[in-house]
Each structure stands twice: as C-alpha cells, then as structure tokens.
Amino acid sequence: MEQDLTLARMLLPTLTPTRNEEFARQKNLLLAQDGRVSVHYAPFDHIVRTARLVILGITPGLTQAVNAVNAAVEARDAGLPIEAVLEKAKMTASFSGGATRANLVAMLDAIGVARRFGLTSAAELFRSGSTDVHFTSALRYPVLVDGKNYNGAPHMLKTPILRRMVETWLAEEARLLPDALWLPLGAKAEAAAAHLVQAGLLRGSRVLAGMPHPSGANAERVAVFLGRKRPEDASPRTRPGPLIEAFARLSEQMATREGESA
C-alpha cells in the first residue's frame, strides 16, 4: 500500500517561512472551510510505516503547524528529497510547543514505553530516523475555529468537513499500520480511533485508551495521571478516578505486551 503524497507534492514548493499570526492568512494553504471551521495544510504527511506504536493526538495547533512549515522550508531549501523534508517537518513539530512534548514524554516513560522499546527515555522517539513510533492526529492537518486552535468543538464526527478528514487521512494511516498499537491522547482522539474500529479499519484490541492529552492546558489531569498530584487535591472536573485506573491499565498493557511482536 502506497501513501498518497499528492498534497505534499503540490504544496511544499509554495511554503514560505511563517509565524503563528500569519499562518491562517496564507490562502495557498487553505484546504477547506465550512463556516467557522477551516482546515489548513502543514507538512504532517510523513508516515513511519515500520511503527509498532501510533500516538494519536487531536490536530496540530498553530505552534506545531508553524514549526512544521519552517522545518520543511529549511529542509526543502537544503535540497533534501520530499520524503526527507516531510520526515524532518514531522519530527520537529509533532507535539512541540510549551509543555506538550515534555508532558507526553513523562507519561510515555511512566507507563513503560521507553522500557518496551529498549530506550533510556521516550524522548528518543523524537530523534531523526526513529522507526518504532508514528506520531499523528485524528485530524492530520491543522484545524482552526474562528482562526484559533480546534479544541474538540464542534464534534469532529458530527461535522462533515472534519469527519471526512478522519475517514480519509486517518483511515489511510490505519490501512498502512494495521498491526501497530494505537495510543490515543484524550477522549476526542479516542473517539476517532473508535470510529475506525467500528469501520473495520482497526482492531479494537490494538487501541490502548485512557491517557490524557499532554497539552499544558491539561496540566492537572497530567499531574494526576503521573501521580504528581494526589487525587483528593484535584478539582472535581478532573475526575481523578478514571485517570488512576487508566495509568494502571496502560502500564500493565505495556508490560504484558513487551514480549509480543507489535
């Protein structure tokens, strides 16, 4: 099965260095729009086809989009081939910005991902040439609502423009990585993975649910998940019980699968 790189081949030559406040205004990168919701291109096309683990977020935010574009421009202008450009952009930008990547690494280390792959830390998964993990999003390309980062509203599976993204680009990744373990981050990403399971594109046994999204805005949930904050000290809306249960379950799943061929 070959990956469709039509968009990348068409739009990579048009990329120019950008900043957060400029990104959404670049008309050449606008892929689709429906009312307040807009979808923009950023080079998140690279798929690690040897991956044994897929880490699934919601959608790249503005910071990640800008980091991907600027990394791609630098790699393109250095004369690298398209696949190398896309890999550089993806590894530079995935879960970058603020505390997001640090939180993700801490949670992956805590449940045993580094141990599973024989690493000192899950931070090594972000190194160039990493072949074990594929980073992606339910909505592959940046989605904005009124020009701001999409936070799960409107519901992606009840919004035609967003549902098509799940059923087109995320489905492509599921077809290319049917045997990997899929680790969605947060309820919205879990819903997208469940949609692919229902469609017969993923096996439910390959989806490991329960990890909170690593965004800095989700700091308290991350802290409870990691045991850095006692559940009795957490606010009621954090719902510490399911987080503690998810940590135990994911840790066990990683440990019991260590000897398996993922």
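As the structure is a computational prediction, the values presented were derived from the model and not from experiment.
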Practice task
Dump the intermediate steps for side-chain contact (heavy atoms from CB on, under 4.5 Å) on Glu83 and Leu5, then the final yes or no.
Solution key: CA-CA 9 Å; Glu83 283 286 5; Leu5 293 179; 3.5 Å; yes

Taking a hydrophobic cluster as the set of Ile, Leu, Val, Met, Phe, Trp and Tyr residues connected by side-chain heavy atoms closer than 4.5 Å, whether directly or through intermediates, do [X] and [Y] fall within one such cluster?
| X | Y | answer |
| --- | --- | --- |
| Leu243 | Ile58 | no |
| Phe44 | Leu11 | no |
| Leu183 | Leu125 | yes |
| Val48 | Leu104 | no |

Can you check whether [X] reaches [Y] side chain to side chain, under 4.5 Å on heavy atoms?
| X | Y | answer |
| --- | --- | --- |
| Arg52 | Leu181 | no |
| Thr16 | Val73 | no |
| Pro214 | Leu185 | yes |
| Asn151 | Lys188 | no |
| His134 | Leu53 | no |
| Met165 | Val143 | yes |
| Asn218 | Phe225 | no |
| Glu172 | Leu176 | yes |

Whether the side chain of [X] engages the backbone of [Y] through a donor-acceptor N/O pair (distance < 3.5 Å, no angle test) should be reported.
| X | Y | result |
| --- | --- | --- |
| Thr136 | Leu56 | no |
| Arg175 | Leu201 | no |
| Ser121 | Ala123 | yes |
| Ser215 | Ala217 | yes |
| Asp4 | Thr6 | yes |
| Arg206 | Asp179 | yes |
| Thr159 | Met156 | no |
| Asn149 | Gly61 | no |
| Arg228 | Val224 | no |

Looking only at heavy atoms, what is the nearest atom pair of [X] and [Y], with distance?
| X | Y | result |
| --- | --- | --- |
| Leu12 | Pro43 | CD2-CB, 4.2 Å |
| Glu220 | Ser235 | OE1-OG, 2.6 Å |
| Met254 | Val113 | CE-CG2, 3.8 Å |
| Ala24 | His40 | O-CE1, 3.6 Å |
| Leu119 | Arg127 | CD2-NH1, 4.1 Å |
| Ala68 | Ala89 | O-CB, 3.5 Å |

Gap separating the [atom1] atom of [X] from the [atom2] atom of [Y], nearest 0.5 angstrom:
| X | Y | atom1 | atom2 | answer |
| --- | --- | --- | --- | --- |
| Gln253 | Leu208 | CD | CG | 4.5 Å |
| Leu170 | Leu139 | CG | CG | 8.5 Å |
| Leu144 | Leu62 | CG | CG | 5.0 Å |
| Met10 | Asn28 | CE | CG | 10.0 Å |
| Arg221 | Thr238 | CZ | OG1 | 6.5 Å |
| Asp109 | Glu124 | CG | CD | 9.0 Å |

Exercise for the section: Step by step, work out the salt bridge (charged side-chain N to carboxylate O under 4.0 Å, His left out) result for Asp45 and Lys90. Expected result: CA-CA 8 Å; Asp45 311 82; Lys90 187 79 170 285; over 6 Å; no

Practice task
Would you tell me whether Asn67 and Thr92 have side-chain atoms, one donor and one acceptor, within less than 3.5 Å of each other?
Solution key: no

Problem - Any side-chain donor near an acceptor of the partner, Ser94 and Gln64, under 3.5 Å - result: no

Fill in the blank from the handout: When Leu162, Val39, Val37 are each screened for side-chain contact (heavy atoms from CB on, under 4.5 Å) with Tyr150, the one that passes is Leu162

With the threshold set at 4.0 Å, does a side-chain nitrogen-carboxylate oxygen contact exist between [X] and [Y]?
| X | Y | answer |
| --- | --- | --- |
| Arg140 | Glu173 | yes |
| Arg116 | Asp132 | no |
| Glu167 | Arg163 | yes |
| Arg19 | Glu22 | yes |

Exercise for the section: Run through Trp169, Phe23, Tyr141 and flag the one making a ring-ring contact (aromatic ring centres under 6.0 Å, His included) with Tyr41. Expected result: Tyr141

Handout entry: Glu21 atom CD, over 12 foreign heavy atoms within 6.0 Å
Key = yes

Exercise for the section: Check the surroundings of atom CZ in Arg203: do more than 12 heavy atoms from other residues, nucleotides or ligands lie under 6.0 Å from it? Expected result: yes

Practice task
Check step by step if ring pair (Phe, Tyr, Trp, His ring centres under 6.0 Å) holds for Phe126 and Phe135.
Solution key: CA-CA 9 Å; Phe126 290 88; Phe135 300 103; 4.4 Å; yes

